Number of protein chains: 2
Amino acid sequence: MQRTGKRIGYHDEELEIARFAKALSHPVRIKILRLLENQTCCFTGEMTAMIPMAQSTISQHLKALHEAGLIQGEINPPRVKYCVNRENWERARELFDQFFSDSPNAFSC
Amino acid sequence: MQRTGKRIGYHDEELEIARFAKALSHPVRIKILRLLENQTCCFTGEMTAMIPMAQSTISQHLKALHEAGLIQGEINPPRVKYCVNRENWERARELFDQFFSDSPNAFSC
DNA sequence: ATAGTTTATCGTAAATTTACGATAATAACT
DNA sequence: AGTTATTATCGTAAATTTACGATAAACTAT
């Protein structure tokens with residue numbers, strides 16, 4: 001992804017949006033977030049029960065969402081209760097909202 | 001990405017969001033869309049002049065955005081004039097807006 | 001026809017993502 | 001101590017992404 005000496009000067013916001021977008025770029029992660037949004041479930045196990053994927057794979061996707069900051073986990077032995085991370089969720093909402101809305105004159109090129 | 005016989009039943013919206021998100025998951029593609037949004041430029045060449053990346057790489061990213069439906073190109077020989085695709089842009093805005101907003105009870109898990 | 005300009009495509013190498021099963025880790029129970 | 005239940009991590013293979021230079025394609029202009 002970065003092979004030459006050339007540096008592209010990205011703005012923080014560009015990196016931020018891309019980072020959130022990357023977390024949302026797999027349908028199963030969208031599904032997981034939807035489940036958390038609807039409070040249909042919270043424990044990892046409930047997700048693995050509802051999504052026909054290996055437990056390790058679900059865990060991997062949860063990790064991706066966690067690293068992007070979109071979810072957080074609370075240990076509740078032996079289980080882990082996940083939920084949406086309010087602060088970053090709001091931040092992501094704001095970024096996407098802004099990104100899509102400040103485009104008044106972009107269409108008629 | 002799909003190696004077993006198991007099929008995960010994704011909803012169309014989940015696939016749609018993931019698809020748009022994937023298009024937005026690289027900072028240079030965000031940058032390109034920003035340029036188009038601000039009408040700073042429209043021709044491929046203007047982008048390759050502003051972004052220190054190989055022309056072929058820029059073209060590849062434009063292709064990705066085009067395939068996701070976010071931009072469209074109008075041939076204007078020997079150049080190509082790109083702009084945001086109004087319909088799909090609105091669709092994406094709608095999807096993300098919806099996705100981030102219907103989460104009233106998700107935080108207090 | 002030839003040359004010039006602009007953009008897309010090809011070939012390819014390196015990096016990353018995605019999925020799986022197997023195993024480890026953690027903490028509660030016998 | 002040993003068992004059980006739940007989740008994370010490891011190792012790994014296949015697929016995809018990303019970047020580049022080289023080349024082709026398309027269309028103008030000479």
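In this text, all values refer to a predicted model and were calculated from it rather than measured experimentally. In the text below, chain A, chain B and the rest are named by the order of the sequence lines, each starting its count at 1.
- Residue Ser56(A) has no polar side-chain atom (N or O) positioned under 4.0 Å from OP1 or OP2 of dC20(C).
- Ile32(B) is not listed as a side-chain neighbour of Tyr82(B), based on a closest heavy-atom distance of 4.5 Å or more.
- Two residues, Val28(A) and Pro77(A), neighbour DNA chain C, and the one matched to the more 5' nucleotide by heavy-atom proximity is Val28(A).
- For the pair Lys22(B) and dT17(C), the criterion of a side-chain N or O lying under 4.0 Å from OP1 or OP2 is not met.
- Distances shown here put a side-chain N or O of His61(A) below 4.0 Å from the OP1 or OP2 atom of dA19(C).
- Protein atom CZ of Phe43(A) is 11 Å distant from nucleotide atom C1' of dT6(D), rounded to whole Å.
- Tyr82(A) places its OH atom 9 Å from the P atom of dT7(D), with the value rounded to the nearest Å.
- Between His26(B) atom NE2 and dT17(C) atom P the separation is 11 Å, expressed in whole Å.
- Along DNA chain C, the nucleotide nearest to Arg29(A) and the one nearest to Gln55(A) differ in position, and the one closer to the 5' end is contacted by Arg29(A).
- The NE2 atom of His66(A) sits 12 Å away from the C1' atom of dA8(D) (whole-angstrom rounding).
- Taking 4.0 angstrom as the limit, Lys63(A) places none of its side-chain polar atoms (N or O) nearer than this to OP1 or OP2 of dT7(D).
- Closest contact between the side chain of Arg79(B) and the listed nucleotides dA8(D), dT7(C), dC20(C) involves dT7(C).
- Residue contacts for Ser59(B): at a heavy-atom cut-off of 4.0 Å it reaches a base atom on one of the strands shown.
- Proximity of a side-chain donor or acceptor of Ser25(A) to a complementary backbone N or O of Lys22(A) within less than 3.5 Å is detected.
- Residue Asn76(A) places its CG atom among more than 12 non-hydrogen atoms of other residues, nucleotides or ligands, all under 6.0 Å distant.
- The distance from atom CD1 of Ile17(A) to atom CZ of Phe100(A), rounded to the nearest 0.5 Å, is 8.5 Å.
- Per the geometry, CD1 belonging to Ile75(B) stands 15 Å off P belonging to dA25(D), to the nearest Å.
- The nearest whole Å value for the distance from the CD1 atom in Ile8(A) to the P atom in dA19(D) is 7 Å.
- Residue side chain Gln60(A) does not reach the base of dA8(D) through any donor-acceptor N/O pair under 3.5 Å, judged by distance alone.
- The ring pair (Phe, Tyr, Trp, His ring centres under 6.0 Å) test applied to Phe20(B) returns no partner, not counting sequence neighbours.
- Closest approach to the Thr44(A) side chain among dA8(C), dT7(D), dT7(C) is made by dT7(D) (side chain taken as heavy atoms from C-beta onward).
- Straight-line distance from the CD atom of Glu74(B) to the P atom of dC27(D): 14 Å, rounded to whole Å.
- The NZ-P distance, from Lys81(B) to dA8(C), rounds to 15 Å in whole Å.
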